[in-house]
Each structure stands twice: as C-alpha cells, then as structure tokens.
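Everything below concerns the one structure shown next.
This chain uses plain numbering: 1 for the first residue, then up along the sequence.
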Amino acid sequence: MNIELKQCFDTIQCQQLVENYQLSDLTFTGSPQSVIEKAKRDHDRVPVMIMNDDQLAGFFCLHLHQGPLEIGGCADTDVLLRALSIDERFRGQGISLAAMKLVPAFVKAHFPYVTRIILAVNYRNIPAQHLYQKAGFQDTGIQRVGKIGPQYVLFKMINE
C-alpha cells in the first residue's frame, strides 16, 4: 500500500479516475462528482484524491474560509474536511486511516495559515467516528444537527 494525497484539478485525468469510482451508499457522504461540481462554483472547496499507487482509492474535500464557519470553526485558521469516502473496491485495507494521518502534512504544505482541521460526523456513523478517533481527531464538545441528523464536531491540530 502506497497512499498519497493529490488535489483533483479539473483535468481529464481526474475526471476519468472519478468516472470509475465505485460508491453506492451516499448516506453519510457525497460522491466525488458532487464534490467536484461544488468546487467549480466555490473556489474555497478543494477536492482531494486518495491515491493508492496510481489508483483512485478514496476522495474528500477540504473547505476553506466559509466551510469551517458552518460547524462553529474559524474562517481564518481552520479547514473543514468533508465528504470522505473510500471506493468500495478498496475498503478494509486501512486506506482511510492512512489517508487521515497524511491530511495534517498535506494541509500544512498547501495552506500554511491553517492550524486546525475540523469535521462533522453523524452520530449514527460509528465506523467513521472510530476512524477519526484512531487518526487523532478529538471531540470539540460541539454538537450540531446536519442534513440527516445530529453530528459530533471533531478537530485535529495541524502540529500534533
């Protein structure tokens, strides 16, 4: 397993990789296609591919400025991680944990002013809660109601 994070620019290569992405359950996440479409309209959204060698294994979005404000964060120093998913063919291999451990360095390299990553995870999404805890995210104590129910707001400092 060789995990790397790469920004997904609006390129033919990125579009081809995303076209073959397999994700049938969108209960707790958005599809890579929807993330890319929203990023075309909102330049504060940065689509990120989780690559396993040369294969697209996962996807998420980093949402700057207004994104963190949606869940009680700071527009100047926080980034909101949203829409994490793993292609169904790559699940159970530890890819999501490996990727989440790479996120702080990725954020620091691309957005040096960001000091904290925040995210919201649904109360019912127990596997995601465990993933984020293993990756070092902590509960802020803030709870909010999202589109499909209550959520915990978690954070991870960049320099931890």
Side-chain angles (χ1 to χ4, degrees), residues 1-64 67-68 70-71 78-111 114 116-139 146-156 158 160:
M1 182 168 66
N2 183 25
I3 303 302
E4 183 181 5
L5 303 181
K6 291 185 178 180
Q7 285 190 41
C8 178
F9 297 105
D10 191 20
T11 63
I12 292 171
Q13 179 195 19
C14 179
Q15 290 171 355
Q16 288 173 339
L17 289 170
V18 167
E19 281 177 16
N20 295 318
Y21 198 81
Q22 292 184 17
L23 180 66
S24 58
D25 184 359
L26 297 172
T27 304
F28 298 117
T29 192
S31 70
Q33 294 88 342
S34 70
V35 169
I36 292 168
E37 284 306 310
K38 289 177 182 174
K40 288 178 182 177
R41 297 186 303 273
D42 181 353
H43 297 290
D44 285 339
R45 293 176 186 246
V46 179
V48 180
M49 300 182 293
I50 302 169
M51 303 299 294
N52 183 17
D53 292 318
D54 61 345
Q55 296 181 301
L56 178 61
F59 207 89
F60 63 92
C61 179
L62 294 173
H63 194 173
L64 301 158
E70 292 177 19
I71 64 169
D78 290 346
V79 64
L80 173 62
L81 190 148
R82 59 189 330 154
L84 172 64
S85 66
I86 299 295
D87 183 301
E88 292 165 354
R89 297 167 292 185
F90 291 91
R91 293 194 181 157
Q93 299 176 30
I95 291 171
S96 56
L97 180 58
M100 289 302 98
K101 288 183 176 181
L102 294 175
V103 171
F106 182 86
V107 169
K108 187 172 188 165
H110 291 85
F111 313 104
V114 172
R116 186 173 76 151
I117 303 161
I118 61 172
L119 59 87
V121 60
N122 191 281
Y123 280 24
R124 296 178 306 163
N125 194 348
I126 305 300
Q129 290 174 38
H130 290 147
L131 162 70
Y132 294 128
Q133 288 169 352
K134 285 181 188 174
F137 284 83
Q138 300 172 5
D139 193 342
K147 291 179 185 174
I148 61 167
Q151 298 175 319
Y152 297 110
V153 177
L154 308 179
F155 77 96
K156 182 175 176 100
I158 296 291
E160 287 184 354

Flag the pair Val121 / Leu131 as yes when at least one side-chain heavy-atom distance between them is below 4.5 Å, and no otherwise.
-> no
Check step by step if side-chain contact (heavy atoms from CB on, under 4.5 Å) holds for Phe28 and Ile148.
-> CA-CA 8 Å; Phe28 298 117; Ile148 61 167; 3.6 Å; yes
Measuring from His130:NE2 to Ser96:OG, what's the distance to the nearest 0.5 Å?
-> 13.0 Å
Rounded to the nearest 0.5 angstrom, the CD1-NE2 distance for Ile118 and His63 is 10.5 Å
N/O donor-acceptor pair under 3.5 Å between Asp53 side chain and Gln55 backbone = no
Roughly how far, to the nearest 0.5 Å, is the CZ atom of Arg45 from the CG atom of Leu62?
-> 11.5 Å
Please assess Val79 against Phe111 for the test side-chain contact (heavy atoms from CB on, under 4.5 Å), listing each intermediate value before the final yes or no.
-> CA-CA 9 Å; Val79 64; Phe111 313 104; 5.5 Å; no
Indicate the atoms forming the closest heavy-atom contact of Ala135 with Met100, along with that distance.
-> CB-CB, 3.6 Å
What's the spacing between Phe59 CZ and Cys14 SG if we round to 0.5 Å?
-> 5.5 Å
Minimal non-hydrogen separation, Val35 against Pro47, with atom names = CG1-CB, 4.1 Å
Could you tell me whether a side-chain N or O of Lys6 sits under 3.5 Å from a main-chain N or O of Met51, the two making a donor and an acceptor?
-> no
Indicate the atoms forming the closest heavy-atom contact of Ser85 with Gly30, along with that distance.
-> OG-O, 4.5 Å
Which atoms form the tightest heavy-atom contact between Arg91 and Leu23, and what is the distance?
-> NH2-CD1, 3.1 Å
Heavy-atom closest contact (Ile36 atom, Cys8 atom, distance) | CD1-SG, 3.8 Å
Is any side-chain heavy atom of Val114 less than 4.5 Å from a side-chain heavy atom of Leu64?
-> yes
Close side-chain approach of Lys38 and Arg82, heavy atoms under 4.5 Å = no
Close side-chain approach of Leu84 to Tyr132, heavy-atom, < 4.5 Å | yes
Straight-line distance of Leu56 CG to Asn20 CG, nearest 0.5 Å | 9.0 Å
May I ask you to test the Phe90-Met1 pair for a side-chain heavy-atom distance under 4.5 Å?
-> no
Ile3 CD1 to Gln93 CD distance, which is reported to the nearest 0.5 Å = 8.0 Å
Donor-acceptor pair, Asn122 side chain versus Gln151 backbone, under 3.5 Å?
-> no
Test Asp78 against Phe155 for side-chain contact (heavy atoms from CB on, under 4.5 Å), laying out the working first.
-> CA-CA 9 Å; Asp78 290 346; Phe155 77 96; over 6 Å; no
